[in-house]
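Have a look at the structure below before the remarks.
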Amino acid sequence: MGRIKEPILWALFSGGGMIAALALPALAFLLWLAAPLGWVELPAYGDLVEAVRHPLGRLSLFVLASLCFYHWAHRFRYTLYDGLQLYHLRELIAVVTYGSATLLTLAAGFLLMAVV
Amino acid sequence: MVRAVNPDYTRHHPKWYRRRIPIFWWTRKRAYLKFITRELTSPFVAYAAVLLLVQVWALARGEAAYTRFTAWLQSPPVLVWHGVLLLILLFHTVTWLNLAPKAIVLRVGGRRIPDAAVVAGHYAAWLIVSAFLAWLLIGGS
């Protein structure tokens, strides 16, 4: 399967790694530490909802989340191969990791298109 | 033709000599431990993406649900856990940006741009993205 799919999976892994590296520390610090501790004040509820419903808000959240999921899938797959020496479970691990990333991406798409 | 040269059934050779590697091989050297720690940041990256979507979901379910979510964020065990999460995400960022010159080889006029410049460019991008997100989230207040 490798020849065609591997470069695509690597690109998703790499894009996810980059977007996670650039965006996640700031988001995690502001949303999940600084704001709950009262160090900073986030926009009011209504403004946040409006921002999330904006097409650019939906799109950026979808791209960020889905790339992070495929980044996890690809890296975790090789962590299991190399770290735990599970080469004999090759196919199963690939199906479970990329499958989970795909399900999470579909859930993110549904949330951002149909629920929000 | 490729298959004929390297058929599937030769993938596992039980009769070949293979040195057995213990499952915890990566605890033996600092460099191995750093490698496996770097690799193990990925579930935390996925957790952060899920948490972000859960926050969006709470927003979508109404103000009461969102208030419950922020109250959960304020509970001490969750704050401690998210402090650890931030450290792990920072570890991902630093190791990822430091490896960038290994993946990207830039040439200008036939000359390779030095690794340090590629790394510096990536750190600058991190700074710009972080500043932009801060402006987006708390710039109004």
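Side chains are part of it too, since the values below use all heavy atoms of this structure and drop only hydrogens, waters and symmetry mates. By convention in this document, chain letters (A, B, ...) are assigned in the order of the sequence lines, proteins followed by strands, and residues within each chain are numbered from 1. Keep in mind that this is a model prediction, so the values were computed, not measured.
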Would the number of heavy atoms belonging to other residues, nucleotides or ligands and lying under 6.0 Å from CD of B:Q74 be above 12? yes
Hydrophobic clustering (ILVMFWY, side-chain heavy atoms < 4.5 Å, transitive) - are B:L133 and A:V63 grouped together? yes
Can you tell me which portion of B:L52 sits under 4.5 Å from chain A's heavy atoms? Options are side chain, backbone, both or neither. both
Relative to each other, are the rings of B:H92 and A:H71 parallel, tilted or perpendicular (30° and 60° limits)? perpendicular
Full working for side-chain contact (heavy atoms from CB on, under 4.5 Å) between B:L53 and A:L112: CA-CA 9 Å; B:L53 292 173; A:L112 292 165; 4.2 Å; yes
Please look at B:I36 and chain A and tell me whether the side chain, the backbone, both or neither of the residue comes under 4.5 angstrom of a heavy atom of that chain. side chain
At their closest point, which heavy atom of B:E39 faces which heavy atom of A:T79, and how far apart are they? CB-OG1, 3.4 Å
Under 4.5 Å between any side-chain heavy atoms of B:S130 and A:F29, yes or no? no
Chain A contact via B:T41 - side chain, backbone, both or neither, heavy atoms under 4.5 Å: side chain
Quick one: which of B:T93, B:V129, B:L127 has the most heavy-atom pairs under 4.5 Å with chain A, could you say? B:T93
So do the side chains of A:L22 and B:W96 get within less than 4.5 Å of each other, counting heavy atoms only? no
A:E41 side chain reached by B:I138 side chain, heavy atoms, under 4.5 Å: no
The interface call for A:L111 against chain B, heavy-atom contacts under 4.5 Å, is side chain
Could you tell me whether A:Y78 atom OH has more than 12 heavy atoms of other residues or ligands within 6.0 Å of it? yes
Could you look at A:F13 and say if it's the side chain, the backbone, both or neither that has a heavy atom under 4.5 Å from chain B? both
Are B:V108 and B:L106 connected, step by step, through hydrophobic side chains (Ile, Leu, Val, Met, Phe, Trp, Tyr) whose heavy atoms are closer than 4.5 Å? yes
Does any non-hydrogen side-chain atom of B:Y66 lie less than 4.5 Å from one of A:L48? yes
Taking side chain as everything from C-beta outward and backbone as N, CA, C, O, which of these in A:L24 sits under 4.5 Å from a heavy atom of chain B? Side chain, backbone, both or neither. both
Considering non-hydrogen atoms only, spot the tightest contact between A:A21 and B:L97 and give its length. CB-CD2, 4.3 Å
Most chain A-contacting option - heavy-atom pairs closer than 4.5 Å, from B:A100, B:P43, B:G83, B:A71: B:P43
Part of A:L67 within contact of chain B (heavy atom distance under 4.5 Å): neither
How far apart are the closest heavy atoms of A:V115 and B:A60, and which atoms are they? O-CB, 4.0 Å
So do the side chains of A:L31 and B:L73 get within less than 4.5 Å of each other, counting heavy atoms only? no
Under a 4.5 Å side-chain heavy-atom rule over Ile, Leu, Val, Met, Phe, Trp and Tyr, are A:L106 and A:V116 clustered together? no
Among A:A26, A:A23, A:P25, who wins on heavy-atom pairs under 4.5 Å with chain B? A:P25
Cut-off 4.5 Å, heavy atoms of chain B, and the answer for A:V52 is side chain
Scored by heavy-atom pairs under 4.5 Å with chain A, the best of B:H122, B:R61, B:R38 is B:R38
Let me know if B:V50 has heavy atoms under 4.5 Å from chain A in its side chain, its backbone, both or neither. both
Ring centre gap for A:F110 and B:W57 strictly below 6.0 Å: no
Any chance you could lay out the side-chain contact (heavy atoms from CB on, under 4.5 Å) test for B:L137 and A:V40, step after step, and finish with the verdict? CA-CA 9 Å; B:L137 286 170; A:V40 299; over 6 Å; no
For residues B:W26 and B:F91: do they belong to one hydrophobic cluster (side chain heavy atoms under 4.5 Å, members Ile, Leu, Val, Met, Phe, Trp, Tyr)? no
In short, A:W10 meets B:A103 closest at the heavy-atom pair CH2-CB, 4.4 Å
Check: B:L79 and A:P36 side chains under 4.5 Å, non-hydrogen atoms: yes
Most heavy-atom pairs under 4.5 Å with chain B, out of A:G38, A:A73, A:A20, A:A28, belong to A:A20
Side chain, backbone, both or neither: which part of B:L51 has a non-hydrogen atom closer than 4.5 Å to chain A? both
Is the closest side-chain heavy-atom distance between B:L40 and A:F76 below 4.5 Å? yes
Heavy-atom cut-off 4.5 Å, strictly under: side chain, backbone, both or neither for B:L85 against chain A? side chain
